[in-house]
Amino acid sequence: MFRIKKHTVPLIASLVMGVVGTAFAATDAEIDAFFHPYAKGFPSAPGVKEGVVIDKGNVDQFKDVLSPRVYDQVKAGNTSITVGKQLTAAAPAAFVAASKKTAAKVKVQFGKGKIEGYEGGMPFPYEPSASDPNAGEKLAWNNRYSLEIPDDITMGPFVWEYRDGNTGKINRTVDFDPSYVSNTGHRTLNKPENLPGSDEFFNLLMLAVKSPQDLKDTVLLFKRRVDSSRDDDGQLYLGFQRRARRLSTSATTDPFLGSNAMIEEFRGFNGKVSDFNWKFIGTRNILAPYYSHKDAKLRDDYKTADWRAPAFVGKGQCWAAVPWSLRKVYVVEMTPKRADHPISKRTLYFDAESFHGMLSEVYDRKGEFWKLWIVGAGHPSGQLPAVAKKGIWTWDSGSMIDVQAVQCTTLNFRVSSLDPIPPNVYTLEYIRSRQ
Amino acid sequence: MTQKRLEKSALVTRWLRASLVPLLLTGFASPMLHAEDGLPSISPSVSQSSGETKIYYENDTRMRGKDATGNRVGLSKFRNTLKVEHKRDLGDGWAFKGIFRGTYDGVYDINDEEYGKNAGGPINVSERSGLSFGMGVPGATPTSVPYGSSFVGPGIGLVANIDQIAFLSGGALTTTGTFSGQQNFNLASNPNQGLQHLGQRWNTGYSGTDFGNPGFGNLDLPVPVRPCDVDRRGCADFGGYGDLTSNALKAPEFNGRLDFIREFYAQKTWDLADGKQFNIKVGKQQVVWGRSDLFRVLDVINPLDYSRNSIYDEFEDTRIPMWILQGNYRMGASDSLSERNVQVVWNFDQFRANNLGQCGTPNAVLEAGCFFRAAKSAWDYGATIGNLAPAGLLGGPSGPYNPAGMAVTVPTHQAGIRNVELPNWSLKNTQIGSRFEGVSKDGTIAFSVNGLIGRSQMPSLRAIRPSALAFDMYFPRISVLGGSMDFNVEALNTTVRLEGAMTHGEELTDTSQSSATSRHRIWRSVIGLDRPTQIDWINPERTTLISAQFFWQHIVGFNETSVPNIGAFGYPLGGSNVKTGTVGWKDNHLFTLVVSAQYMQDRLNPQLVFARDIEARANIIQPTATFLYTDKLKFKVGANYKWQTGNMDRYAFTDGRGLTGTLSASGQPPGFPVDTGVGGLEALGRFKAGIIGSAVKEDEIFFNMQYQF
């Protein structure tokens, strides 16, 4: 008769879970708590108070509430951080309800990129466990289906500035206008229906370049597959060729249109889950650019009648001049399986409330720190009325800072609407016929 | 006012038109809400809600080295372009876009000895027999004779009865007859000025020494090269070129077809049930089909303007926009496809041919424009054609078999192009096409099926009488049926592009036919492979794009035989065999390779383009570097170099002189062979050399600057 040692049981369980992650019987209370991390109050830390400015002079006392690479940047005097109000915008009830439904039946083949039984919301809406070997990947799946894409986003102007990281000189200005993003299946906030093709693609993106001259009328059409083991589907319409060209696999890991960000790095992570090994590092409270747009320092460039984008300051003017607040985050480390992938590792910080991948520390193939991705989330109270009514955190500012090339790409958002977008805009025919 | 001042004044007027017309058009259009996207449910972004105008200036300057004569060409382009783009909503869901372009190319003023009013000069045509020299014709040399002065010709020395010439058999030239009809050759109206030898830019065949034979096999056709306001000889509208004056060459957009309006169209989209849409786009526009770079297999709705910069500019700038109505029925998804679209295109514009470039200009691809001008001039004014007949016909030092070439001055209305039959506007001369495009359910394959009927954009030369060297130019009716596809091979990280089309009704010159032409089905196809590849020594931070394409063209019913180069009475001329039959290659293959890297946030783009015409054994390599100094200012420098890896013998082709009765008004006498194989590099070798092979002496360095105001 076999005697199974006590510690062998979790090992076997882990191995099984490593192949197929079955539904986890999280209680409704656990799920509600997961979606309302600040229900019992905001986190706090010594000295972290609204109005405090953290700079190289005092950064050491805030080291515990900064991500390591943000700490380095402040320590080096490249930027300072102003602590702002702590705000909350919890997930809408419909999203939470969908998550409960999904959590009860979802199955993921961890490491394989396969998901079954997804019916909206987030697939793993409960606190990650350090003892769960798949906790990191579960968080990646949560981020993939998070409210960062609240069914539909319309942006424009959406201006990317390619800057010299020393002088702040803007070498290129790319205006994506219009820009659309939509979820296709199990939509919860807008029309609760599945768009055509939702069995194949869960998310659609269309970015149309309005300027500069050499990129004018270039359009990216990017469709993310439900099956995350397969390459996503990308087409790039080139204005000067008047033709759409299919993107090959590695195009997603090249600098997108010369910027410092890859398509894979949109939203912190925008790639195939199965391309990476995921490791949950832990839960932390750190400072992150979560704020009300009203509290940001604004600039006149790209202003419209109803909107001014946040200014950029610091070394190379790479840092959005927005308040940072103490947030609960989940830290995940992702390492590529492909030897020829341009990075060796990313450390991703998922906001516990919105699940935006708002901070990412990227390391090159040699393991040296390469880039820092920061996306500021705007509280609904500071957004345009068409956005504010949805009551969720929204993209408001962003940077990808390349510390090796000493360059950065700064992102100026104007999210104009979260209302439904006609699915026709995500077609080859549409991107061709825009001219 | 002098002629020069008049020209300048006209130029200023054209420039004013170039600047004012777009402004007037944009100024008077009513400001309406933007509806370009046809998305009524989406609030347009503020920046797009009103009209938008962008103005660009571009300078393109090019220098060439020596041509085949050893002459250093120098400046070949000093093109200054002003382009205005305007978008505006017209209300009720209609959106407008206009692009207006005006160009001034200073090369015709700056380098007028090469391309302008002083181009060309007096020439001696080749006469390897030395007949005229021997007969004491002034200016003649042992191997040449001044244009218009050949000993054989009307009113000169030997008055040949060319009607009776049978080059290969059947009697010698007589001295008693006259040219038939009342045609004449008049040096006053057809002087020995402003001329070049056909093909002298890229070959030396006209000199009569190629292929190891002394003359007869190497035709020397003189061609006028000055703008048509300076020299009318050979000027005719070959389809948008061929009769252009100095000003029209300098500022080509300002013509009767209003080419300064590059695009001018409105479009609207209607939402239908079940998410379907119907879109209409009407106006002057480009309609682009296909998935190939550099090659046009399905992308044939708009004709192409090669005169702008041969094959080196983007098609967007060289397509000739046409007045087109297109309807697009966007059917959405089905059980098996994620996208379905049906497009119907009606090009209701008056016919336009490809602009192959006027002779005497820097970009006359294949030098076809020169061939046409030489032929047209020969018909209208007559011409002294070098090495036209074998001296053996007159006896001579080597007896009756002497194959040495003899120049003949041919009178008017004997040989050449008589008429250019450009299709008039009529319903049946318009072009109509349709495309079905689909995307597979999982998005991995996108494909199209395309069909088109209309007129060929390339000309055909039909003999006006059996086996004559006199032609009318036609643009035959053709149909195109094809398709395209693209997909990824994930394991290879490679995108595959496929495109193919079968054209029915294309006419090719055929020296074995008494009509001098034969009709064919032609299959053209391209396989393209695009692979972004990590090459660390080029750029360790991002991939380098490698794009390769293979082009294959197959002519169905191709008829070609190889024959010895034959002289008088069947006496072999020696040298290489020549080909007779269908002009071209039964199976032609081309290979292109593009390597493109990016640096400095994609502001610096070095690129290498290589192309090889495998059958012609002609190659081109073009390195360029583009630098975006700012978002508004872009510089590009580069060079292109062409070379051949074979000799030009492989282009040699019969030229129709073997046609008995070739110059006879009554046509070919019965019982004689149509073609017996006299030929050389001119005049048909250019069609075998192809665009690269016939430009082998047009190596360039160039500089381009573009600024957006």
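Proteins get letters first, then strands, A, B, ... in listed order; numbering begins at 1 in each. Bear in mind that the values here come from a model prediction, so they are computed numbers and not experimental data.
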Under 4.5 Å from a heavy atom of chain A, the part of B:Q534 involved: side chain
Which portion of A:R243 sits near chain B, non-hydrogen atoms under 4.5 angstrom: side chain
Heavy-atom contact with chain B under 4.5 Å, split by part of A:D364: neither
Interface moiety of B:L337 toward chain A, non-hydrogen atoms closer than 4.5 Å: neither
B:R340, part contacting chain A, at a heavy-atom distance under 4.5 Å: neither
Residue A:Q241 versus chain B: region with a heavy atom under 4.5 Å: both
Region of B:N328 in contact with chain A, defined by heavy-atom distances below 4.5 Å: side chain
Proximity breakdown for B:L633 and chain A, heavy-atom pairs closer than 4.5 Å: backbone
Chain B contact via A:L215 - side chain, backbone, both or neither, heavy atoms under 4.5 Å: neither
Ring centroid separation B:F627 to B:F635 under 6.0 Å: no
Interchain contact, B:T544 with chain A, by part (heavy-atom threshold 4.5 Å): neither
Criterion side-chain hydrogen bond (donor to acceptor under 3.5 Å, both in side chains) against A:S182, the qualifying member of A:T154, A:D152, A:D151: A:D152
Heavy-atom proximity to chain B below 4.5 Å, by part of A:I170: neither
Side chain, backbone, both or neither of B:Q343 within contact of chain A (heavy atoms, under 4.5 Å): neither
Contact origin within B:K54 toward chain A - heavy atom pairs under 4.5 Å: side chain
Segment of B:Y56 engaging chain A (4.5 angstrom heavy-atom cut-off): side chain
